[in-house]
Undergrad: 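Below is the structure I would like to discuss, written out as structure tokens.
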Amino acid sequence: MQSMRILQLHCDYIEFTPVKKEIKSAEEIEPKSKRLDEVVVAFVAVEDGDNSDVAKRAMNEISESMKKIGCSKLLLYPYAHLSSKLASPSTALSVLKEMEMQGNGLEIQRAPFGWTKSYKIQVKGHPLAEHSKTISAGEEKESTSEALKAESKIQSFWHIMTTDGKMHDIDKFNFAKHQSLEVLAKYEAAKKRSVDEPPPHVKLMKKLAIADYEPASDAGNMRFFPNGRLIKSLIERYVTEKVVEYGGFEVETPIMYDSHHPSMESYFNRFPARQYNVNSEGKQLFLRFAACFGQFLMAKDFQMSYRNLPLRLYELTRYSFRREQSGELVGLRRLRAFTMPDCHAMCKDMEQAKEEFRKRFDLSRQVIKGLGLDEADFEMAIRFTEEFYNENKDLIEELVSKIGKPVLVEMWKDRFFYFVLKWEFNYVDNLGKASALSTDQIDVENGKRYNIEFIDETNKPQNPIILHNSPSGAVERVIYVLLEKAAKDQREGRKPGLPLWLAPTQVRVIPVKPEFLDYCEKLTEKISQQDIRVDLDDRNESVGKSIRDAETDWIRYIIVIGEKEANAAKLSIRDRKTGAVKELTTDELVREIKKETRGMPFLKMNMSRYVSKRPQIMV
RNA sequence: GCCUCGAUAGCUCAGCCUGGUAGAGCGAACGCCUCGUAAGCGUUAGGCCGCGGGAUCGAAUCCCGCUCGAGGCUCCA
């Protein structure tokens, strides 16, 4: 079958000079040089049989891909050498002219037809810069991004699965008791929502001096103040501990990769133009958008036996980078640079993969719970191919029944992604936006793609099935969820707060008068030695003011020291959770805090112990 | 990427419509008060009104362009 061939290059510039006529029917033009900057050059070979329908399709394809790379200047460059079944020159020229006329909202130029031209060209370094396609009458084929094409055609069937394993129509399901699930289902299936205010966590992240935008960087790259860094460190440590307990081995892989490395190219074709690119010494590098390929390339170099499986590799990626569309970045919900715990398990067969999948499901639930969320705080979605469902109903129904409430189901007629099964926990925020936290996938494709091998029982090499799990989701997103949850508490009349183990200050000591400072200092030191984050408000402010400041900082325990306490064993402790003042000895207080933070990591205070010594972070 | 909105003191914002000395609260510095569970009092310092251009005798204010940011759409491996 004949088809037009196109090689499309996104260029910094092209400069060409018509040298001499190549064929008799060449266009009559002035042989002048021309230079174009920031342009997409499409080398086009028109084949025998191409017609105006093909011209139209070709232009649609070109303009579509140019939209993706954000360029609207196009140079059509007749280039016979791409084909051996060329159309006649007159047909070719008329097809090219049709393409030029069609426009598609682009600024189009055309290099002269039929001339030998010398040219100088500089092609850009991003993965989508080079792109070839073949357009034929009747069908279309795109050699570099079939997957993308397929994605828009992919057929999904949406359902609700109840804990008894029954599937229900979304339209007929009674959401009365499952409002967040309804939001998620509508969000996913219909993509309908409309709000026009920033989500409440944005104010909170600033007020609590956790994080802020950094205008001197790129959008979606946040700065984290001491409080934010502390909270992130604690979450990171917690998730890592849990993954290591489960059996993960922590590794570290590079954050940038060569775009032209053979293992990268096929990955790119699925997910184009969504990464940061870095040029260095002629290499075109991109910043990783996940830990997958780092770990896959590592596993490829392992000599593995089936006896070594399942093998779990884990990395806390600080950072992963995704160049999300600017309009999609909001506070800490979605970032362009984020910290993703990413754990892969290589399994010898589907049986082992399923077993492992169950373990990781439990791990993820445990981690989410430790982070201060419970089943009521998120909605699960589970996605699978029809084939996988038919063969593995038991596994899917088991997961749903463990969650103990209905979940959203997406079923695909055919496998499009590299996985056959995926679930995720979604948090639905105050504005009805859903975002995924934990997730796990069964990947049946990348073992082969990356040439990862193990030797099976019969001494034959096999590709493992790979599970992709993040037990918590991005660390920044966990903070977003905790703050949104706090905002919800506030809105509904409860006191907002962070889990005690994550609070930058757990206890604050306030003297009634400066003369008690000495006593306060000794007390602060004593509590601090028990691995509790305690600070001292040594400013000469009124007690009322100090209490107020501590309350607006969400500090859980406030100890006021005056005449009475300095001469007695018991302390007056204001517990923010109840709002009441209670009397406890120091040891009793320490025990209470230890009990509530048991099993969770501890880090020392990340600011001066003295409130008067701290800069105000006004953002 | 498209659409909408925004940018004034360290922070949050008023002033802009209707052009004529740059405002408040918080925070900061200094001083007074010496205080018992959510804001004690006073004084002072602090501004290229995002950048560039235009019309005007005169611009924070009106017009044009740009940059940056936010929200929505789309997207979200």
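A quick note: this is a predicted structure, and the numbers were derived from the prediction, not measured. Per chain, numbering begins at 1; letters A, B, ... match sequence-line order.
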Undergrad: What pairs with R477(A) under salt bridge (charged side-chain N to carboxylate O under 4.0 Å, His left out), at least two apart in sequence or on another chain?
TA: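 Result, salt bridge (charged side-chain N to carboxylate O under 4.0 Å, His left out) vs R477(A): none returned.
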Undergrad: To the nearest Å, give me how far apart CG (L208(A)) and P (C11(B)) are.
TA: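 My rounded result for the distance is 18 Å.
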Undergrad: Between atom CG in N469(A) and atom C1' in A77(B), what is the gap in whole Å?
TA: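 Distance, rounded to whole Å: 16 Å.
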Undergrad: Salt bridge or not for E484(A) and R333(A), using N-O below 4.0 Å?
TA: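 No, no charged N to carboxylate O under 4.0 Å.
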Undergrad: What distance, rounded to whole Å, do you find between the two P atoms, one in G46(B) and one in A29(B)?
TA: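 Looking at atom P only, G46(B) and A29(B) are 16 Å apart.
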Undergrad: What integer number of Å spans the C1' atoms of G47(B) and A24(B)?
TA: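 Here G47(B) and A24(B) have their C1' atoms 14 Å from each other.
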Undergrad: So, does K207(A) get its side chain near the phosphate of G27(B), meaning an N or O under 4.0 Å from OP1 or OP2?
TA: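 Negative; the distance criterion is not met.
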Undergrad: State the pairing partner of G36(B); accept Watson-Crick or G-U wobble contacts with both distances under 3.5 Å, and report none otherwise.
TA: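 When the pairing criteria are applied, nothing turns out to pair with G36(B), so the answer is none.
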Undergrad: Roughly how many Å apart are G52(B) and A70(B), using the P atom of each and rounding to a whole number?
TA: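 Comparing P positions in A70(B) and G52(B) gives a spacing of 23 Å.
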Undergrad: Students often get this wrong, so: under 4.0 angstrom with heavy atoms, is V202(A) touching a base, only sugar-phosphate, or nothing?
TA: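 Touches nothing.
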Undergrad: Taking salt bridge (charged side-chain N to carboxylate O under 4.0 Å, His left out) as the definition, give me every residue that meets it alongside E515(A), ordered by chain and number, with sequence neighbours left out.
TA: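 Partners of E515(A) by the salt bridge (charged side-chain N to carboxylate O under 4.0 Å, His left out) criterion, ordered by chain and then number, come out as K513(A).
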Undergrad: Taking atom C1' of G69(B) as reference, at what distance in whole Å does atom CG of D212(A) sit?
TA: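 My rounded result for the distance is 11 Å.
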Undergrad: Any chance you could list the contact pattern along nucleotides 33-42 of chain B? Use B for base contacts, S for sugar-phosphate-only contacts and - for none, protein heavy atoms under 4.0 Å, 5' to 3'.
TA: BBBBBBBS--
Undergrad: Identify the nucleotide, in any strand shown, that forms a Watson-Crick or G-U wobble pair with C13(B), with both distances under 3.5 Å; if there is none, say none.
TA: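 Across all strands, the one nucleotide that pairs with C13(B) is G23(B).
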Undergrad: When both hydrogen-bonding distances must be under 3.5 Å and the geometry is Watson-Crick or G-U wobble, what is U18(B) paired with, if anything?
TA: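 Pairing partner: none.
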Undergrad: K495(A): which residues meet the salt bridge (charged side-chain N to carboxylate O under 4.0 Å, His left out) condition with it, sequence neighbours left out?
TA: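 Per chain and number, K495(A) pairs via salt bridge (charged side-chain N to carboxylate O under 4.0 Å, His left out) with E551(A).
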Undergrad: Verify, without hydrogens or angle tests, whether E476(A) (side chain) and T339(A) (backbone) share a donor-acceptor contact under 3.5 angstrom.
TA: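 Side chain of E476(A) to backbone of T339(A): a pair is present.
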Undergrad: Only pairs with both distances under 3.5 Å count, Watson-Crick or wobble alike; so what is the partner of G6(B) in this structure?
TA: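 Per the H-bond distance test, C68(B).
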Undergrad: Could you state the atom-to-atom distance from CZ of R449(A) to P of A77(B) in whole Å?
TA: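 For the pair R449(A) CZ and A77(B) P, the rounded distance is 16 Å.
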Undergrad: Give me the distance, rounded to whole Å, that separates A22(B) from C48(B) when you measure between the P atoms they each carry.
TA: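 The same atom, P, in both gives a distance of 13 Å.
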Undergrad: Quick check: on RNA chain B, is the nucleotide nearest E214(A) upstream (toward 5') of the one nearest K422(A), or the reverse? Name the residue that is more 5'.
TA: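 Looking at RNA chain B, the more 5' nearest nucleotide goes with E214(A).
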Undergrad: When the P atoms of C51(B) and C57(B) are considered, how many whole Å apart are they?
TA: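 Between the two P atoms, the distance is 25 Å.
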Undergrad: Could you tell me which nucleotide pairs with A29(B) by Watson-Crick or G-U wobble geometry, both distances under 3.5 Å, or answer none if nothing does?
TA: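 Base-paired to U43(B).
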Undergrad: Hey, is K422(A) close enough to D440(A) for a salt bridge, meaning N to O under 4.0 Å?
TA: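 Looking at D440(A) together with K422(A), the answer is no, because their closest N to O distance does not fall below 4.0 Å.
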Undergrad: How would you list, by chain and number, every residue that makes a side-chain contact (heavy atoms from CB on, under 4.5 Å) with A566(A), sequence neighbours excluded?
TA: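 Checked A566(A) against side-chain contact (heavy atoms from CB on, under 4.5 Å); matches are F516(A), Y519(A).
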Undergrad: Near RNA chain B, under 4.0 Å by heavy atom, which residues of residues 484-493 of chain A?
TA: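 Heavy-atom cutoff 4.0 Å gives no residues at all.
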Undergrad: Atom CG of D553(A) and atom P of G27(B): how far apart are they, to the nearest Å?
TA: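 Taking CG of D553(A) and P of G27(B), I get 13 Å after rounding.
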Undergrad: Going by purine N1 to pyrimidine N3 plus the second Watson-Crick contact, or the G-U wobble pair, all under 3.5 Å, which nucleotide sits opposite U61(B)?
TA: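 Pairing partner: none.
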Undergrad: How far, in whole Å, is U74(B) from G58(B) if one measures between their P atoms?
TA: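 Nearest-Å result for G58(B) against U74(B) at atom P: 49 Å.
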Undergrad: Distance check, C1' atoms only: U8(B) and G15(B), in whole angstrom units.
TA: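 Result for the C1' pair: 9 Å, nearest Å.
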Undergrad: Under 4.0 Å, counting only non-hydrogen atoms across every strand here, what does Y213(A) touch: a base, just sugar-phosphate, or nothing?
TA: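 Touches sugar-phosphate only.
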Undergrad: Pick the P atom in G71(B) and in A28(B), then give their distance to the nearest Å.
TA: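 Between the two P atoms, the distance is 29 Å.
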Undergrad: For C48(B), give its Watson-Crick or G-U wobble partner with both distances under 3.5 Å, or none.
TA: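 When the pairing criteria are applied, nothing turns out to pair with C48(B), so the answer is none.
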Undergrad: To the nearest Å, give me how far apart CD1 (I617(A)) and C1' (C26(B)) are.
TA: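 Spelled out: CD1 on I617(A) to C1' on C26(B) is 16 Å.
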Undergrad: Test of understanding: with salt bridge (charged side-chain N to carboxylate O under 4.0 Å, His left out), list the residues that count as partners of D535(A), not counting sequence neighbours.
TA: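 So D535(A) forms a salt bridge (charged side-chain N to carboxylate O under 4.0 Å, His left out) with R508(A), R614(A).
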Undergrad: Check residues 292-299 of chain A and write down every donor-acceptor pair under 3.5 Å in which the side-chain atom is one partner and the other belongs to a residue at least two apart or another chain.
TA:
| unit_1 | atom_1 | unit_2 | atom_2 | d |
| --- | --- | --- | --- | --- |
| Q295(A) | OE1 | H344(A) | ND1 | 2.6 |
| Q295(A) | NE2 | D342(A) | O | 3.3 |

Undergrad: Is a side-chain donor-acceptor pair under 3.5 Å present for N221(A) with Y213(A)?
TA: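 There is no such pair (donor and acceptor under 3.5 Å, judged by atom type) between the side chains of Y213(A) and N221(A).
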Undergrad: With K203(A), which residues qualify under side-chain contact (heavy atoms from CB on, under 4.5 Å), at least two apart?
TA: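 Scan of K203(A) (side-chain contact (heavy atoms from CB on, under 4.5 Å), adjacent residues dropped) gives none.
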Undergrad: Given atom NZ of K203(A) and atom P of A70(B), what is their separation to the nearest angstrom?
TA: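 Roughly 15 Å, once rounded to whole Å.
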